[in-house]
Amino acid sequence: MKRPPRLAPGSIAVRGSSIHGTGVWATRPIPRGTRILEYTGERISVAEADRRYDGIEGRPEGLVVLFQIEDDRVIDAGRGGNDARFVNHSCEPNCESVLEDGRVFIRALRDIDPGEELAYDYKLRHETAADPETAARFACRCGAPSCRGTLLARRRRGRKG
């Protein structure tokens with residue numbers, strides 16, 4: 001199996017973002033397929049994440065940085081996380097998240113130029129996604145021409161017949 005290209009030191013920087021708060025930016029060219037960052041943090045159960053972040057509606061946006069890795073396990077990048085927690089969402093991403101052996105990596109979907117903000121599609125799932133209040137909490141601000149208006153994943157349509 002061919003290993004993905006390695007990211008050259010100094011190829012990214014964390015700074016302000018017009019998408020949301022803080023973002024990660026390319027400072028050098030990043031070739032397609034490059035494994036840019038591993039999403040790190042404390043590995044906890046979904047129940048523990050719910051306990052920690054109960055009542056999140058009243059907290060500032062962006063406070064929770066959870067990445068689900070299994071049905072019952074998440075990575076909480078708010079505790080022991082790295083710069084990957086600052087990669088923002090986009091409906092037209094230049095990166096993707098890849099789950100490999102219980103680890104999450106951010107990988108370049110295409111060649112990325114210096115000065116581009118790194119972004120991937122969060123594809124969030126929420127049990128009350130159809131609720132307008134929930135949809136408003138997960139509003140997308142990526143500004144892409146094809147923006148779907150939400151961080152939530154598109155709903156899969158059931159097959160008939």
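Counting begins at 1 with the first residue of the sequence.
The pair Glu48-Arg51 counts as a salt bridge, with a side-chain nitrogen and a carboxylate oxygen less than 4.0 angstrom apart. Between Arg148 and Asp121 a salt bridge is recorded (basic side-chain N to carboxylate O distance below 4.0 Å). A salt bridge does not link Glu38 to Arg107: none of the charged nitrogens lies less than 4.0 Å from a carboxylate oxygen. At a threshold of 4.0 Å, the pair Arg15-Glu117 does not count as salt-bridged, since none of the basic side-chain nitrogens sits closer than that to a carboxylate oxygen.
Side-chain N or O atoms of Asp76 include none that pairs as donor or acceptor with a backbone N or O of Gly41 at under 3.5 Å. Between the side chain of Arg32 and the main chain of Leu109, a donor-acceptor pair closer than 3.5 Å is present. One N or O on the side chain of Arg43 and one on the backbone of Gly102 form a donor-acceptor pair closer than 3.5 Å. With hydrogens and angles disregarded, no donor-acceptor distance shorter than 3.5 Å links the side chain of Arg73 to the backbone of Glu70.
Summarising the geometry of Pro93 relative to Ser90, their closest heavy-atom pair is CD-O, 3.6 Å, with the distance given to 0.1 Å. Shown here for Cys91 and Cys140, the closest heavy-atom pair between the two residues is SG-SG, 3.8 Å. For the pair Thr34 and Ile30, the tightest heavy-atom approach, listed with the atom from each and the gap, is CB-CG2, 3.7 Å. Summarising the geometry of Pro145 relative to Glu92, their closest heavy-atom pair is CD-OE2, 3.4 Å, with the distance given to 0.1 Å. Closest approach of Asn88 to His20, counting heavy atoms only: ND2-O, 3.3 Å. Nearest heavy-atom pair across Asn82 and Tyr39 is OD1-CA, 4.3 Å.
Within the 4.5 Å cutoff, no side-chain heavy atoms of Trp25 are placed close to those of Leu118. The side-chain heavy atoms of Ile12 and Leu37, taken from C-beta on, include a pair separated by under 4.5 Å. When side chains are defined from C-beta on, Pro114 does not count as touching Thr27, because their heavy atoms never get closer than 4.5 Å.
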For this session: Please step through salt bridge (Lys or Arg N to Asp or Glu O under 4.0 Å) for the pair Glu100 and Arg35, ending with a clear verdict.
Result: CA-CA 12 Å; Glu100 291 179 9; Arg35 187 180 283 175; 2.7 Å; yes
Exercise. Does the side-chain contact (heavy atoms from CB on, under 4.5 Å) test come out yes or no for Ile44 and Arg52, once each step is laid out?
Worked result: CA-CA 10 Å; Ile44 59 174; Arg52 284 183 185 178; 3.6 Å; yes
Exercise. Do Asp72 and Ser45 pass the side chain to side chain donor-acceptor pair (under 3.5 Å) test, and can you show the C-alpha distance, the side-chain angles, and the key distance before you say yes or no?
Worked result: CA-CA 6 Å; Asp72 62 343; Ser45 68; over 6 Å; no
For this session: Give the C-alpha distance, both sets of side-chain angles, the deciding distance and a yes or no for side-chain contact (heavy atoms from CB on, under 4.5 Å) between Ile112 and Cys95.
Result: CA-CA 9 Å; Ile112 301 171; Cys95 297; 3.8 Å; yes
Exercise. Where do Val46 and Gln68 land on the side-chain contact (heavy atoms from CB on, under 4.5 Å) test, with the steps shown first?
Worked result: CA-CA 8 Å; Val46 169; Gln68 190 158 4; 4.1 Å; yes
Problem set entry | Chi angles and distances behind the side-chain contact (heavy atoms from CB on, under 4.5 Å) call for Thr22, Val14 | CA-CA 7 Å; Thr22 303; Val14 175; 3.3 Å; yes
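Cluster membership for Phe86 and Phe105, using ILVMFWY side-chain heavy atoms within less than 4.5 angstrom, is not shared. Transitive grouping of hydrophobic side chains (ILVMFWY, heavy atoms separated by less than 4.5 Å) keeps Phe67 and Ile19 in distinct clusters. Following chains of ILVMFWY side-chain contacts shorter than 4.5 Å, one cannot reach Val98 starting from Ile75, and the two form parts of different hydrophobic clusters. In the hydrophobic clustering of this structure, Phe138 groups with Val65; members are Ile, Leu, Val, Met, Phe, Trp, Tyr whose side-chain heavy atoms approach within less than 4.5 Å, directly or through other members.
The aromatic rings of His89 and Tyr122 sit perpendicular, their planes meeting at an angle over 60°, well past the 30° parallel limit.
Taking CG from Leu151 and CZ from Arg141, the interatomic distance works out to 8.0 Å, rounded to the nearest 0.5 Å.
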